[in-house]
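Read the structure below first, then the notes.
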Amino acid sequence: MRELVGVSWPFWVPDARQTEVWLDLQVTLTASPELKPPGPSPGQARGISSPRAMSSQPGRQEGLGVAAHLSPDHGARPHSSSLTVPGAQGRDCFEQYTFPVLHGAEVHPVALPLGPGGCSSVPPRSPEVMLTQDRYTVQRLPFSVVSEEDLAVFECIVPGQVITDPEELAASNVDWLRTVRGCSKVLLRPRTSTEVSRILRHCHERNLAVNPQGGNTGMVGGSVPVFDEVILSTALMNQVISFHSVSGILVCQAGCVLEELSQYVQERDFIMPLDLGAKGSCHIGGNVATNAGGLRLLRYGSLHGTVLGLEVVLADGTVLDCLTSLRKDNTGYDLKQLFIGSEGTLGVITAVSILCPPRPKAVNVAFLGCPGFAEVLQTFSSCKGMLGEILSAFEFMDAECMKLVGQHLHLACPVQESPFYVLVETSGSSTVHDAEKLGCFLERSLGSGLVTDGTVATDQRKVQMLWALRERITEALSCDGYVYKYDLSLPVEQLYDLVTDLRTRLGPCAKHVVGYGHLGDGNLHLNVTAEAFSAGLLGALEPYVYAWTAGRRGSVSAEHGLGFKKKGVLGYSKPPAAVQLMQQLKGLLDPKGILNPYKTLPAQD
């Protein structure tokens with residue numbers, strides 16, 4: 001092995017705002033002797049440049065091509081990180097190299113195919129995602145095609161915010177997981193609900209399909225076009241309208257980024273009732289449209305309870321102003337509930353009124369090892385009984401998750417090796433009171449054998465380190481190969497049975513079958529990894545996973561929604577009469593079907 005220092009590599013990355021940029025990174029590469037190295041390039045990493053400036057530069061040498069997904073932390077500073085890539089000759093060996101990235105960034109590496117001699121030309125961009133219309137069996141509905149006259153109308157409505165440049169449109173046409181891709185020719189960026197209303201009124205008259213889009217962090221293909229739908233982005237609708245410091249009620253536009261809202265209310269001694277791994281990019285409107293769950297649902301409930309009011313623009317341009325800030329309003333039908341979780345198929349959410357809880361004065365996190373899943377369940381029961389009013393999160397993960405986090409992300413497990421791990425968070429108003437209650441719980445759990453080892457964190461830095469072991473599992477899985485992802489709700493006593501079942505069913509066909517998630521609300525994240533996509537493996541998983549879930553009266557989507565990918569499995573969780581009523585509601589509110597077509601509901605015969 002030998003070390004090559006000062007090699008310049010270009011990486012294509014979508015940034016947190018979903019635009020394409022290039023990073024030219026200074027790396028230290030440890031290479032196999034038989035690997036022909038690229039020529040060194042002097043100088044430091046040049047940071048973010050424009051795609052044109054970085055693509056196909058003359059004289060660039062050949063080398064390993066690696067695509068990385070980087071979510072930069074705003075106001076970040078350089079530090080050294082590492083990434084694992086395939087070794088020479090494309091064999092199943094791996095080489096390690098380090099490079100400066102942005103502090104707080106998350107890197108999701110995807111190895112590109114290697115050419116002869118283990119090297120390939122660095123591509124001008126990451127591998128292109130196959131068009132949805134080519135990959136899946138789906139037929140375009142008889143919508144109109146955007147014309148020059150339409151573009152002129154849009155320009156009058158949102159001057160300077162009509163995007164038609166293919167390079168700028170590329171990221172908005174591809175989902176976050178890079179598994180589906182549309183071919184929209186226009187993206188609109190309104191700033192107000194009035195502009196959204198005028199856009200939808202025109203699209204309704206012209207029979208133009210519309211794809212509402214927030215932060216584009218969805219997992220089921222619901223936020224990107226299937227064909228050439230007009231993309232209506234809420235990115236510029238990012239203003240806080242009001243915040244009441246007594247009631248904790250926040251009113252804001254739909255395009256506000258969740259993390260920025262969290263910072264806003266924290267400065268006022270409140271927190272958002274929602275916390276997600278994608279909080280640095282996702283929009284509150286998209287969160288509401290998908291009824292996102294996240295890490296705080298155990299304590300604060302779902303968005304169906306914390307959202308007090310909505311402003312929604314209907315398909316024909318009608319503005320439905322139900323943006324109340326009242327906690328009690330028992331007048332007629334609660335119309336906002338129709339749009340929470342409707343995934344943009346019934347209307348475009350333009351503003352949200354949401355109840356924010358007071359910021360906890362004391363936060364404690366315990367990370368524990370358990371000898372079996374039965375002990376995990378008993379620990380949860382004990383948690384609820386002893387910690388009650390201060391319990392804010394109860395997450396679990398299996399040993400395979402921890403091994404992958406250690407192998408790919410080099411995060412050390414703080415407790416002795418165990419078959420299962422749980423993360424318990426308490427949030428309260430008294431440091432002494434909460435610490436005493438947590439201490440009693442841990443003493444009893446260790447004494448009874450429910451827990452074999454544990455550690456507790458109270459300061460913010462250590463709390464974040466423990467949470468990283470849970471939150472970065474998705475990242476570790478993406479490093480392990482192709483990932484088949486399932487988001488399920490099941491009775492808690494049966495939550496892990498499916499993982500055990502699938503390990504037996506799939507055998508050596510899968511690299512890893514792992515289970516983790518929000519035990520407190522019965523949400524299992526089931527992930528299966530393989531070296532590459534396999535139609536045979538997919539056939540062994542589907543519809544078996546959905547039928548297994550339905551047999552336990554579970555839900556095929558706990559918090560990610562249905563989108564495009566899972567619309568066909570709605571029947572596993574809802575009876576025909578319920579599906580028919582949903583279709584009737586869709587027909588009533590969007591008679592032409594222009595809002596987010598091909599999503600959420602199965603196609604009607």
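Just so you know, these numbers use all the heavy atoms, side chains as well, and skip hydrogens, waters and symmetry mates. Residue numbers start at 1 and run along the sequence shown.
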Aromatic ring proximity, centroids under 6.0 angstrom, Phe396 and Phe380: no
Heavy-atom side-chain contact between Leu423 and Val365 under 4.5 Å: yes
Short side-chain donor-acceptor distance under 3.5 Å, His525 and Glu559: yes
Ring geometry between Phe533 and Tyr482 (parallel below 30°, tilted from 30 to 60°, perpendicular above 60°): perpendicular
Check: Asn596 and Val210 side chains under 4.5 Å, non-hydrogen atoms: no
Polar side chain donor-acceptor pair, Tyr484 to Ser534, under 3.5 angstrom: no
Short side-chain donor-acceptor distance under 3.5 Å, Thr179 and Lys565: yes
Side chain proximity check, Glu375 to Val451, heavy atoms < 4.5 angstrom: no
Heavy-atom side-chain contact between Val405 and His410 under 4.5 Å: no
Salt bridge (Lys or Arg N to Asp or Glu O under 4.0 Å) partners of Lys567, counting only residues at least two apart: none
Pairwise side-chain contact, Cys370 with Ser418, heavy-atom cut-off 4.5 Å (strictly under): no
Asn216 versus Asp175, side-chain donor and acceptor atoms under 3.5 Å: no
Sequence neighbours excluded - salt bridge (Lys or Arg N to Asp or Glu O under 4.0 Å) pairs with any residue from residues 216-231: Arg140-Asp228
Side-chain donor-acceptor pair present, His408, Glu475, cut-off under 3.5 Å: no
Smallest separation among heavy atoms of Cys183 and Leu131, with atom names: CB-CD2, 4.2 Å
Pair Asp501, Tyr544: side-chain N/O donor-acceptor within cut-off below 3.5 Å: yes
Pairing of Arg181 and Glu128 as salt bridge, 4.0 angstrom limit: yes
side-chain contact (heavy atoms from CB on, under 4.5 Å) between Trp467 and Arg472, worked out: CA-CA 8 Å; Trp467 265 113; Arg472 297 185 69 185; over 6 Å; no
Side-chain donor or acceptor of Asn523 paired with backbone N/O of Leu488 under 3.5 Å: yes
Donor-acceptor side-chain pairing of Ser392 and Ser427 below 3.5 angstrom: yes
Beyond-backbone contact of Val288 with Phe339, side-chain heavy atoms, under 4.5 angstrom: no
Nearest-0.5 Å distance, CG of residue Leu490 to CG of residue Leu495: 6.0 Å
Given Asp487, Leu541, Thr549, Leu502, the one that forms side-chain contact (heavy atoms from CB on, under 4.5 Å) with Leu526: Leu502
Selection residues 397-406 - residue pairs positive for salt bridge (Lys or Arg N to Asp or Glu O under 4.0 Å), sequence neighbours left out: Asp398-Arg503, Glu400-Lys403
Evaluation steps, side-chain contact (heavy atoms from CB on, under 4.5 Å), between Leu391 and Val424: CA-CA 8 Å; Leu391 180 62; Val424 179; 3.8 Å; yes
Glu343 versus Thr290, side-chain donor and acceptor atoms under 3.5 Å: no
Test item: Arg296 and Ile271 side chains (from C-beta on) under 4.5 Å apart, heavy atoms: yes
Lys/Arg cation over aromatic Trp176: Arg178, 6.0 Å, 45° cone: no
Side-chain donor-acceptor contact under 3.5 Å, Glu395 with Tyr421: no
